[in-house]
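Predicted model, so just to flag it, every value in this text is computed and none were measured. Each chain gets a letter, A, B and so on, in the order its sequence line appears, and its residues count up from 1.
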There are 2 protein chains.
Amino acid sequence: MTSTERHATGRPATLHDVARLAGVSIATASKALNGRKHVSATTRAEVLEAAALLAYSPNTLARGLVAGRTGMVGLLTSDLEGRLSIPILMGAEDAFGADRTSVLLCDARGDAIREGHHLRTLLSRRVDGLIVVGARPDPRPSIGRDLPVPVVYAYAPSADPDDLSLVSDNVTAGRMAIEHLTGLGRRTIAHITGDPTYGAAQDRAKGALAELAARGLPLAGDRVHFGAWTEAWGRSATRTLLAQHVAIDAVFAGSDQIARGVIDALHEEGLEVPRDVAVIGFDNWEIFATSSRPPLSSIDMNLETLGRVAAERLAAAFDGALGSGVEQIPCRLVPRESTVAA
Amino acid sequence: MTSTERHATGRPATLHDVARLAGVSIATASKALNGRKHVSATTRAEVLEAAALLAYSPNTLARGLVAGRTGMVGLLTSDLEGRLSIPILMGAEDAFGADRTSVLLCDARGDAIREGHHLRTLLSRRVDGLIVVGARPDPRPSIGRDLPVPVVYAYAPSADPDDLSLVSDNVTAGRMAIEHLTGLGRRTIAHITGDPTYGAAQDRAKGALAELAARGLPLAGDRVHFGAWTEAWGRSATRTLLAQHVAIDAVFAGSDQIARGVIDALHEEGLEVPRDVAVIGFDNWEIFATSSRPPLSSIDMNLETLGRVAAERLAAAFDGALGSGVEQIPCRLVPRESTVAA
DNA sequence: TTACTTTCGGAAAGCGTTTTCGGAATATCA
DNA sequence: TGATATTCCGAAAACGCTTTCCGAAAGTAA
């Protein structure tokens, strides 16, 4: 391994360099490059040529310093794997336009101290706004009132009702799952889901129950089967149901992992999916949903949309007022072979 | 949803404000806050008090403008799920110190155009360095020579040997897997892995074969079973082996997903893991490895370390020269119950 | 030609820092 | 007490850019 000077050493060209080469003042050069008025076509062309020659790239920092805007937003997450933050980041990137706004990603790793630390850093970098992504979809402490920049909470709402939060519409998602299954002719539907302390679990169950009631259908197994967000729980809950000779022709699982456990257990009992029992999951975690046997129908929380909306709300807040309260973002059902035979 | 002015409106305090309140010049205020010399203890205390009173937070942009360093590095990734980039980002954050360096994350989504776009944006933001993370562990096009900042390629090496790349040591990882299995007394080991066009697949196989040879053991099934990085392939390859009455007491799988398929197929044939057949995976993708039945021993690529080393190499390059070539980062074996009975 | 617009280009201020350098005040030494 | 060394503090330049404002030049109308 040699050890040479790899990156070009000379500092990048400045506006001053461009102006000098074009034989104009930096004021004129600035106007020419930014399409401002009061520059003749010929001078503009000369400046542009000089800029191209020098591979001039404007210093966004300096620009931000005078504009009072940095074109950066902070994404403060606690999501250790990026499962949530990356899609949200991409949505935000799209909405802002990747060329005008960049995202500073900070992972607090679930540590409040670290979160405060990152917050201070982001503020001192003068980000234009902040998106806070929680690890679980339940109210989390606000990062503070009266911050110098607008803040949007995504996925996990802020506990402070004066903050603006964006969350998935889990109630409607629950209804969608039932609607899908009944639309396929299923009548005896069980709901196996995760940790009951998760608001999302409660909401999805609530939606499912409401939709069942609206259609005059009972919930198979008589109650919602809360447990853990694991395959193991999906398996064991399913076995319990079958052991009790509960007749089921569909299962609405609270997560894709649970759904896989459910399918596993059904297979072990010789039941075929979706012929005998249709199964739908939640999260649409591609890697799980598509590697399942059969591929898993699932409900997608539209995280990119969440990010996109977060960006839009922030953008609106830049020149105006930010709303408050909790905004529900609709989910989307992705049908695959675990409910609809290929 | 009300629509009020949520974030504090007044612009943040500047050094000028602090100086004025403390009754000193901005020069003195700056020195006091930065612990420079030539400031008496009492004035320093006064300045600090003023700063605290105003909740002063220095403008990192302005600081960067004069220092010629922004304290930001760009992380240019193509990793759609964050599976790679987030751990690498966290490692880099740790190495730099989250308070002195922030990471701008840009996802190119596998699109060269978008990558170029992001690159330009990052450069115009004057990042101090760049980490490029590829989606698959094979040589990828260099993002360019003679960039104004040092660049380190992580996970996927650059095709240009003059660039500095950091990759996992797949060959040694292959040896480690075999070493682990033979250490447990296994003698007939098969290797089922993914797409043979992946250099990583070849390297792991090479390491495994070398280690087997060193121990005078044959490869069960006579050849490496290349296929796809899927559960389905793991299942079908295993079935094929069993159908051929190949005696195996261990399988080294090329990924955790393949490993799960292998375990599935073994169970279907009435074989118990690890009693009859030990199985080890690769990637140590927590969610897969731990939700497997039994939990999966696996090889972790130490992505955080990759990020950490990338950060260290960049930091070294800031004041000095950057190396070139491909640096191998060792992997780590994480034993769980799929090889070692609980 | 004179008077008035319109169009261009540049000087300079300012964004919020850090840092150099010179001057004033205080302390140290003969 | 006068000369010299120390210690503090502030004025000002610099970082790279945008923008306001003013003057010069050129065009238009009478």
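Checking A/D128, A/L123, A/V73 one by one against A/V149, the side-chain contact (heavy atoms from CB on, under 4.5 Å) holds for a single residue, A/L123. With B/V309 as reference, B/I329 is the one residue of B/L314, B/I329, B/N302 to meet the side-chain contact (heavy atoms from CB on, under 4.5 Å) rule.
For B/D79 (side chain) and B/L84 (main-chain N/O), a donor-acceptor pair under 3.5 Å exists by modelled atom type. For the pair B/Y153 (side chain) and B/I143 (backbone), a donor-acceptor distance under 3.5 Å is present.
Summarising the geometry, atom CG belonging to A/L75 is positioned 9.5 Å from atom CG belonging to A/D107; distances are rounded to the nearest 0.5 Å.
For the helix from C/dT1-D/dA30 to C/dA30-D/dT1, the rotation axes defined at the first and last 5 base pairs enclose an angle of 50°, given to the nearest 10°.
The side-chain hydrogen bond (donor to acceptor under 3.5 Å, both in side chains) search around B/S40 returns B/T42, B/T43, not counting sequence neighbours. Residues passing the side-chain contact (heavy atoms from CB on, under 4.5 Å) test with B/A311, sequence neighbours excluded: B/A92, B/A95, B/F96. Residues passing the side-chain hydrogen bond (donor to acceptor under 3.5 Å, both in side chains) test with B/D99: none are found, sequence neighbours excluded. Considering only residues two or more places apart in sequence or on other chains, B/R136 meets the salt bridge (Lys or Arg N to Asp or Glu O under 4.0 Å) condition with B/D138. Residues that satisfy the side-chain hydrogen bond (donor to acceptor under 3.5 Å, both in side chains) test with A/R63, not counting sequence neighbours, are absent from this structure.
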Exercise. So B/D94 and B/E304, side-chain contact (heavy atoms from CB on, under 4.5 Å) or not? Walk me through it.
Worked result: CA-CA 9 Å; B/D94 282 350; B/E304 304 84 354; over 6 Å; no
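Taken residue by residue, residues 33-49 of chain B places heavy atoms nearer than 4.0 Å to DNA chain C at B/N34, B/R36. Non-hydrogen atoms lying under 4.0 Å from DNA chain D are contributed by B/L65, B/V66, all within residues 58-72 of chain B.
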Which donor-acceptor pairs under 3.5 Å do the side chains of residues 48-60 of chain B make with protein atoms, sequence neighbours left out?
unit_1	atom_1	unit_2	atom_2	d
B/N59	OD1	B/L61	N	2.8
B/N59	OD1	B/A62	N	3.2
B/T60	OG1	A/S124	O	2.9
B/T60	OG1	A/S124	OG	2.8

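The residue B/T14 sits close only to the backbone: its heavy atoms come under 4.0 Å of sugar-phosphate atoms, none of a base.
Residue pairs meeting the salt bridge (charged side-chain N to carboxylate O under 4.0 Å, His left out) criterion with at least one member in residues 24-38 of chain A, sequence neighbours excluded, do not occur.
In summary, contact between chain A and DNA chain C, defined as any nucleotide atom under 4.0 Å from a heavy atom of the protein, begins and ends at C/dC8 to C/dG16 in the 5' to 3' direction. Heavy-atom contacts of chain A under 4.0 Å fall on DNA chain D between two terminal nucleotides, which in 5' to 3' order are D/dG16 to D/dT19.
Closest approach of B/S102 to A/L104, counting heavy atoms only: CB-CD2, 3.7 Å. Across all non-hydrogen atoms, the minimal contact from A/G35 to A/R44 is CA-NH1, 3.3 Å.
Place B/A27 and A/K31 on DNA chain D by their nearest nucleotides, and B/A27 ends up nearer the 5' end. When the nearest nucleotides of DNA chain D are assigned to B/G23 and A/S30 by heavy-atom distance, the more 5′-ward of the two goes with B/G23.
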